[in-house]
Every structure is written in C-alpha cells, then in structure tokens.
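Below, chain A is the first sequence line, B the second, and so on; all start at residue 1. As the structure is a prediction and not an experimental result, all values here were calculated from the model.
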2 protein chains.
Amino acid sequence: MKRRRAKRSAAAAKKGRFPAADTLALGQLDNHLGYFVRRLQIWIFQDFIRTLAPMKVRPAQYSVLLIVEANPGRTQASVGQKLGIERARLARLLHELERRKWVARHANGSDARSHSLYLTVEGEKALVKIKQLAEQHELNLRALLGQKRHRQSLDWLRDFA
Amino acid sequence: MKRRRAKRSAAAAKKGRFPAADTLALGQLDNHLGYFVRRLQIWIFQDFIRTLAPMKVRPAQYSVLLIVEANPGRTQASVGQKLGIERARLARLLHELERRKWVARHANGSDARSHSLYLTVEGEKALVKIKQLAEQHELNLRALLGQKRHRQSLDWLRDFA
DNA sequence: TATTGTTATACTCTATAACTATA
DNA sequence: TATAGTTATAGAGTATAACAATA
C-alpha cells in the first residue's frame, strides 16, 4: 500500500489536483544531517522488509541471526550488547526465532543463569535464502546511492562503529 | 539511564566481569550499510532527544515546527507528505503542538476540508530556544563524524532526497 | 468518487520496572 | 549485592481501516 499511495500521489500531482507539496521548503531542516539520515534509514528498512518478505524476516531478526551465526554459543547478554538491543526485547525476539526453529538456546555449563545461542540446522538452511535476499537488498541500496558513495559510506560508518 | 548503563558496562568490562561482548564478530553484518546507518540514526536521535530535553521536543515535532515556520498556511496533507508522516499520525502530533500553544490550525477559505497551519507567537518564541539547542545537537554530531564527513554526508544525502 | 482530517486498532521498537534463579 | 533472563507495562512510531464533512 506504500506503493499504491505513491502511485496515486504521483498521478494526482501530475494533474495538479492538490497543492504541490514538493514545493514546500525544508527551512532549517536542510542543515540537519539527522533528518536526511533518518529518511535514508526509513528507505533502507522499507526496502529490506519488502525484499525479505518471502522469508518474513525483519532487520532486527536478521542482525541477530548473523551475530549468532558468526558467534555460536554466546549468551543473550553479549549478543544484545553488541547489537544495542535491550535484553527484554531480545528475549521476545529470540522467543520468535526459537518458535520458527531457527535458533536454539542451550544451557551454559559455566553459568546456569545464562543461555548459549546457536543456529539450528534448519536455521542455517533458512539463512542461506535469507542472505540471498539481503544481498539483493544491498544491491538496491547500492543502486540508490551509487557504488562510490555506497562504498565510501560503509567505510566511514564502519570506522565510527 | 542510557548513560548510567554505559558507565556501568565500562566499569564492569574493565574488571572483566562478563564475557567481552566487544569481541563478538559482526559477520556479514559488516557489509550491510543499513546496519551502520541504523546505528548512526539511533545515536543521532538519542543525542537530539537528550540535547532538546529542556524543551521536551522530539525529532518529529521539531521537523513539523520547522516546516510550518518555513511554509506558513499550508495544509496538514502537504506538510505530512513533505515529511513522510502519515496523516493519522500528524493529526495526533499536531494535537499535542496545539495543546502547547505552539501551532494553530485555521480554517482554509478555499477548501473547508483542510486546515491551514501557522506558528503562534508563543511558538515562534519557543522555536528560538529550540533551534539553539538543535544547533548544539548538530555540533555534537559534527564532532562525532568530523567536519569533513559531516559536510560530505549532508551534501550526498540532500542530493538523494 | 475522491480528499481532508479524525478516531481507533494493531504491531514494532524502546524504555523501565519487577520478578526468578543464580552467582 | 549483582547479573541473566523473563514478563509486563507504557510510550513513540508506523500501518490500516472506517468515518464525517466536503469537494
């Protein structure tokens, strides 16, 4: 429906049916990097969700799957800290990933309070498809920004993080 | 409490009290620009909210105030379209700004369905302070990224939008 | 028929507190 | 006392649908 609305707006704008919002001035907003970063981030999430729709995976879920894949056996606390996800939120997020049989929580021998996280075999298989779709999303983003800007931005922001 | 948590983590990490989450690998996440854009965007919003706390203004409210200031008399529909805010959400957001006497909705002569938006005198006065705080936030962001990257990013993203 | 603005509902994400079981 | 994980609640933001008034 995002697309439906956009189409309708474009058509209506062509016919000049409502005051052209395109002509509104940004004012001081034009000097705030945060505004543009936010707009880009929204574009990215929408494209990600749309591209990954066949697997019904959202950005936060995807980030957890990749971290668990790259760091099997780590606890929820460390995964959450790495991604900046609150433990309360991560608990529910993992509940969903566990329900889908993609992630398993095992007892941690050295500390009975914590759970060690692993991908299941099923999770690994799903992740192959998921990564393919995510790669397509990244191509969409690269097409939007241009290869040079995409590469440069990645280098800059990796450095920041 | 964001700061409190960070402080606690740093202290605990120094004492080596929990597995160093810093050493977790990002895996494929390291190649996704969206991940880093999201982290930066979160940093920006948190700094914005903290810096603007004296005026209790959130990013979306600030963007509406600036657009109305730069485009007095426009309708909710055009402001919403410009900022990518759904009309349902904008209605509630304006309700709050109206409650604080910063924005006024007037009848629109040419179309009885729509409301024309204006800053009140009180709103203009508040916006002076708000802009000063927002400027401080922008300086924080520039300090984070470095002046060159800040400028370059602004130019790139303005172009995209 | 379509648009403006409103209210209502549902879901995601964030923030916080309270609780348990461990340490 | 402090930490790991869970559950619950509240708020912002997003997405829809339905509605009244108007075009």
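Identified under the salt bridge (Lys or Arg N to Asp or Glu O under 4.0 Å) test for residues 26-46 of chain A, with sequence neighbours left out: A:D30-B:R158.
Look at CD on B:Q81: it is 14 Å from C1' on C:dT4, rounded to the nearest Å. When the C1' atom of D:dG13 is taken as reference, atom CD of B:E86 falls 11 Å away, rounded to whole Å. For the pair A:L94 CG and C:dC13 P, the computed distance is 13 Å after rounding to whole Å. Spacing between atom CG of B:L93 and atom C1' of D:dG13 amounts to 10 Å, rounded to whole angstrom units. One interatomic measurement links the two molecules: CZ of B:R87 to P of C:dA2, which rounds to 14 Å at whole-angstrom precision. Computed from coordinates, the A:L90 CG to C:dA15 C1' distance equals 15 Å when rounded to whole Å. When the C1' atom of C:dC11 is taken as reference, atom NZ of A:K56 falls 14 Å away, rounded to whole Å. For the pair B:E96 CD and D:dG11 C1', the interatomic distance rounds to 12 Å; values are reported in whole Å.
Using a 30° and 60° split on the angle between ring planes, B:F48 and B:Y62 fall in the tilted class, from 30° to 60°. Ring-plane geometry between B:W156 and A:W156 is classed as parallel, the angle between the planes falling under 30 degrees on a 0 to 90 degree scale with a further cut at 60.
Proximity of A:Q46 to the phosphate of D:dA15: a side-chain N or O atom is located under 4.0 Å from OP1 or OP2. Note on B:Q61: every side-chain N or O is 4.0 Å or more away from OP1 and OP2 of D:dA12.
With sequence neighbours left out, A:E98 forms a salt bridge (Lys or Arg N to Asp or Glu O under 4.0 Å) with A:R105.
Using a 4.0 Å heavy-atom distance criterion, A:I42 is classed as a sugar-phosphate-only contact. Within 4.0 Å (heavy atoms only), A:R58 reaches sugar-phosphate atoms of the nucleic acid but no base atom.
The CD1 atom of B:I49 sits 10.0 Å away from the NE2 atom of B:H137 when rounded to the nearest 0.5 Å.
Inspection of the A:D155 and A:S153 side chains reveals no N or O donor paired with an N or O acceptor under 3.5 Å.
With salt bridges taken as basic N to acidic carboxylate O contacts below 4.0 Å, one links A:D159 and B:R149.
Counting only heavy atoms from C-beta on, B:Q76 has its side chain closest to C:dG5 among C:dG5, C:dC13, D:dA17.
Looking at which nucleotide of DNA chain D each of A:H95 and A:R38 is closest to, the 5′-most match is held by A:H95.
Annotation: proximity of residues 103-120 of chain B to DNA chain C (heavy atom, distance under 4.0 Å) is found for B:R105, B:R113, B:S114, B:H115, numbered in ascending order.
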